[in-house]
Chemist: 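Before I ask anything, let me first share the structure, which is written out below as structure tokens.
We number each residue from 1, following the sequence as shown. This structure is a prediction, so every number in the text was calculated from the model and none was measured.
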Amino acid sequence: MKKFLLSAVMLLASVHGFAQHEVGKLTFMPKVGINLATIGGDVCYHWVEGVSDAQKMEQTYRIGAVAGIEGEYQLSQPMSLSVGLLYSLQGNKYKDIEFQKGFTSTFHEVCVPVLLNYYVVKGLAVKAGLQAGYAFNKKQSYESFIEDASHPNGVWLKSSTSGSVYKPFDIAVPVGLSYDFDQWRVDLRYNFGLTSISKLDGMAATHHRVIQLSLGYQLGK
């Protein structure tokens, strides 16, 4: 997905640009959408008492929501600048294994994306920029299968942590495409994390990776 969006940006940026709004026009756009999120570089192992080898868990996408508002200012005939304030639910999940299931990392983030938008044809824009994020709430949750004297037949116990192994701040590079029809806008982005969110010394760098699809309504168009 990342390679596709980057290729599209490079290809379409070579095409002659068209104005979307009048130069100097300012519009605002409430928007809602969904995220498919992972954490690049994040590796998780599960240890079982009495078993010498740890079992590596396979990461998968976590589905979340995104909502907020963006303002867009038309700088020139083909180019505009947009700034947003978004709530974004992201993180990752791991596939279930024999003694553990439902392992999920959850980040409730406030994100501020700043993007340049280049309109290659009327309504169609390629975009890229920077995004600052702050996770005001983060946690990890999972269920483990326990078999001991208190539970001779075994039982699934729920657990959660504060997500203290992750930093709250991060910087990402969003790239993507958007298309306008009437006052509506469909926006597809890939947010590529630049800064590591891991607090653990000696561990590999970990970064947010988010595919984001949203629908917005332009006010003042």
Chemist: Determine whether a donor-acceptor pair (N or O, by modelled atom type, separation under 3.5 Å) exists between the side chain of Thr195 and the backbone of Ile171.
Modeler: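 The answer is yes, because a donor-acceptor pair under 3.5 Å joins these two groups.
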Chemist: Counting C-beta onward and ignoring hydrogens, is there a side-chain heavy-atom pair between Pro174 and Leu115 closer than 4.5 Å?
Modeler: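 Side-chain contact under 4.5 Å: yes.
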Chemist: Would a hydrophobic clustering, with Ile, Leu, Val, Met, Phe, Trp and Tyr connected at side-chain separations under 4.5 Å, put Tyr87 with Val32?
Modeler: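 No, because Tyr87 and Val32 fall into different hydrophobic clusters, even though each may have its own neighbours under 4.5 Å.
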Chemist: Below 4.0 angstrom, N of the basic side chain to O of the carboxylate: do Glu58 and Lys95 qualify?
Modeler: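 Yes, Glu58 and Lys95 are salt-bridged.
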Chemist: Nearest 0.5 Å please: distance from the OH atom of Tyr94 over to the OG1 atom of Thr104.
Modeler: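 Going from OH on Tyr94 over to OG1 on Thr104, the span is 11.0 Å.
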Chemist: Which heavy-atom pair separates Pro30 from Ile69 by the least distance, and what is that distance?
Modeler: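 Smallest heavy-atom distance, with atoms named: N-CG1, 4.0 Å.
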Chemist: Could you tell me whether Lys167 and Glu109 make a salt bridge, using a distance below 4.0 angstrom between a side-chain N and a carboxylate O?
Modeler: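 Salt bridge between Lys167 and Glu109, a charged N being under 4.0 Å from a carboxylate O: no.
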Chemist: Would you mind telling me which of Thr38, Asn92, Thr161 makes a side chain to side chain donor-acceptor pair (under 3.5 Å) with Ser105?
Modeler: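 Only one option passes, and that is Asn92.
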Chemist: Can you tell if the side chain of Phe103 reaches within under 4.5 Å of the side chain of Lys93, non-hydrogen atoms only?
Modeler: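 Sidechains of Lys93 and Phe103: no contact.
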Chemist: Would you call Arg185 and Glu72 a salt bridge, taking side-chain N to carboxylate O under 4.0 Å as the test?
Modeler: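 Judged by the 4.0 Å cut-off on N to carboxylate O distance, Arg185 and Glu72 do form a salt bridge.
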Chemist: Charged N to carboxylate O below 4.0 Å: is that the case for Asp187 and Lys127?
Modeler: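 Looking at Asp187 and Lys127, the cut-off is met.
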Chemist: Determine, stepwise, if the pair Asp96 / Glu143 fulfils side chain to side chain contact (heavy atoms under 4.5 Å, CB included).
Modeler: CA-CA 10 Å; Asp96 295 344; Glu143 291 184 59; over 6 Å; no
Chemist: From Thr206 OG1 over to Asp170 CG, what is the distance, rounded to the nearest 0.5 angstrom?
Modeler: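 One gets 10.0 Å once the value is rounded to the nearest 0.5 Å.
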Chemist: May I ask you to check whether over 12 heavy atoms, not counting those of Lys31, lie within 6.0 Å of atom NZ?
Modeler: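 Counting neighbours around NZ of Lys31, more than 12 heavy atoms of other residues, nucleotides or ligands fall under 6.0 Å, so yes.
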Chemist: Would you say the rings of Phe107 and Tyr166 are close, in the sense that their centroids are separated by under 6.0 Å?
Modeler: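 Yes, the ring centres sit under 6.0 Å apart.
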Chemist: With heavy-atom distances below 4.5 Å as the criterion, would you say the side chains of Val173 and Val175 are in contact?
Modeler: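 Yes, their side chains come closer than 4.5 Å.
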Chemist: Applying side chain to side chain contact (heavy atoms under 4.5 Å, CB included) to Phe181 and Val186, what does each step give before you reach the verdict?
Modeler: CA-CA 8 Å; Phe181 53 99; Val186 177; 3.7 Å; yes
Chemist: Counting only N and O atoms by type, is there a donor-acceptor contact under 3.5 Å from the side chain of Ser159 to the main-chain atoms of Tyr142?
Modeler: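 The answer is no, because no donor-acceptor pair under 3.5 Å joins these two groups.
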Chemist: More than 12 heavy atoms of other residues, nucleotides or ligands under 6.0 Å from CD1 of Ile63: is that the case?
Modeler: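 No.
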Chemist: CD1/Ile197 to NZ/Lys138 distance, rounded to the nearest 0.5 angstrom?
Modeler: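 Ile197 atom CD1 to Lys138 atom NZ measures 9.0 Å (nearest 0.5 Å).
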Chemist: Go through the steps to decide whether Val155 and Leu157 satisfy the test side chain to side chain contact (heavy atoms under 4.5 Å, CB included), and finish with yes or no.
Modeler: CA-CA 6 Å; Val155 63; Leu157 297 179; 4.0 Å; yes
Chemist: Under 4.5 Å between side-chain heavy atoms, counting indirect links through other Ile/Leu/Val/Met/Phe/Trp/Tyr residues: same cluster for Leu215 and Tyr190 or not?
Modeler: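 Yes: a chain of side-chain contacts under 4.5 Å links Leu215 to Tyr190.
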Chemist: Examine the side chains of Ser214 and Arg189 and answer whether a donor and an acceptor come within less than 3.5 Å of each other.
Modeler: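 Distance-only check fails for Ser214 and Arg189.
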Chemist: Would Asp180 and Gln218 count as a side chain to side chain contact (heavy atoms under 4.5 Å, CB included) here? Give the steps.
Modeler: CA-CA 9 Å; Asp180 296 352; Gln218 300 177 77; 3.3 Å; yes
Chemist: Heavy atoms only: give me the nearest Glu70-Pro113 pair and the separation to one decimal.
Modeler: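 Heavy-atom minimum between the residues: OE2-CG, 3.6 Å.
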Chemist: What about Leu86 and Met29, same hydrophobic cluster or not, with Ile/Leu/Val/Met/Phe/Trp/Tyr joined at side-chain heavy-atom distances under 4.5 Å?
Modeler: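 No, no single cluster joins them.
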Chemist: Is there a path of hydrophobic side-chain contacts, each under 4.5 Å between heavy atoms, that joins Val112 and Leu89?
Modeler: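 Shared cluster, yes.
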Chemist: Grab the two heavy atoms, one from Gln74 and one from Ser80, that are nearest each other, plus how far apart they are.
Modeler: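 Closest pair (atom of Gln74, atom of Ser80, distance): OE1-CB, 3.7 Å.
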Chemist: Identify the two heavy atoms, one from Ser76 and one from Val23, that lie closest to each other, and give their separation to 0.1 Å.
Modeler: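 Looks like C-CG2, 3.7 Å.
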Chemist: Do Phe192 and His208 have their ring centres less than 6.0 Å from each other?
Modeler: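 Centroid distance Phe192-His208: not below 6.0 Å, so no.
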Chemist: Can you label the angle between the Trp184 ring and the Tyr217 ring as parallel, tilted or perpendicular, going by 30° and 60°?
Modeler: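 It falls in the perpendicular class, over 60°.
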Chemist: Given side chains that start at C-beta, do those of Thr106 and Asn137 come closer than 4.5 Å, heavy atoms only?
Modeler: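 Heavy-atom side-chain distance check fails, nothing below 4.5 Å.
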Chemist: Is Tyr118 close to Leu116 at the side-chain level, that is, under 4.5 Å between some pair of heavy atoms?
Modeler: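 Of all side-chain heavy-atom pairs linking Tyr118 with Leu116, none is under 4.5 Å.
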Chemist: Let me confirm one number: the CG-CG distance from Leu213 to Asn35, rounded to the nearest 0.5 Å.
Modeler: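 One gets 9.5 Å once the value is rounded to the nearest 0.5 Å.
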Chemist: Any sub-3.5 Å donor-acceptor pair from Gln212's side-chain atoms to Val66's backbone N or O?
Modeler: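 It does not hold such a pair.
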Chemist: Which value, rounded to the nearest 0.5 Å, describes the distance between His207 atom NE2 and Ser196 atom OG?
Modeler: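 Result: 5.0 Å between the selected atoms.
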Chemist: Over all heavy atoms of both residues, which pair between Cys111 and Ser88 is shortest? Give the atoms and the distance, please.
Modeler: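 Minimum heavy-atom contact is SG-CB, 3.9 Å.
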Chemist: Asn191 side chain to Ile211 main-chain N or O, any donor-acceptor pair under 3.5 Å?
Modeler: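 A pair under 3.5 Å: no.
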Chemist: Work out which heavy atom in Gln59 is nearest to a heavy atom in Ile39; give both atom names and the distance.
Modeler: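 Closest approach of Gln59 to Ile39, heavy atoms only: OE1-N, 2.8 Å.
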Chemist: Can you get from Tyr134 to Val210 by hopping between Ile, Leu, Val, Met, Phe, Trp and Tyr side chains that sit under 4.5 Å apart?
Modeler: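 Not linked; separate clusters.
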Chemist: First locate atom CD of Gln77, then atom CE of Met79, and finally report the distance between them rounded to the nearest 0.5 Å.
Modeler: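 It comes to 12.0 Å.
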Chemist: Main chain of Ser160, side chain of Gln140: is a donor-acceptor contact present, judged purely on distance under 3.5 Å?
Modeler: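 Not at all, since once roles are kept as given, no pair shorter than 3.5 Å links the two residues.
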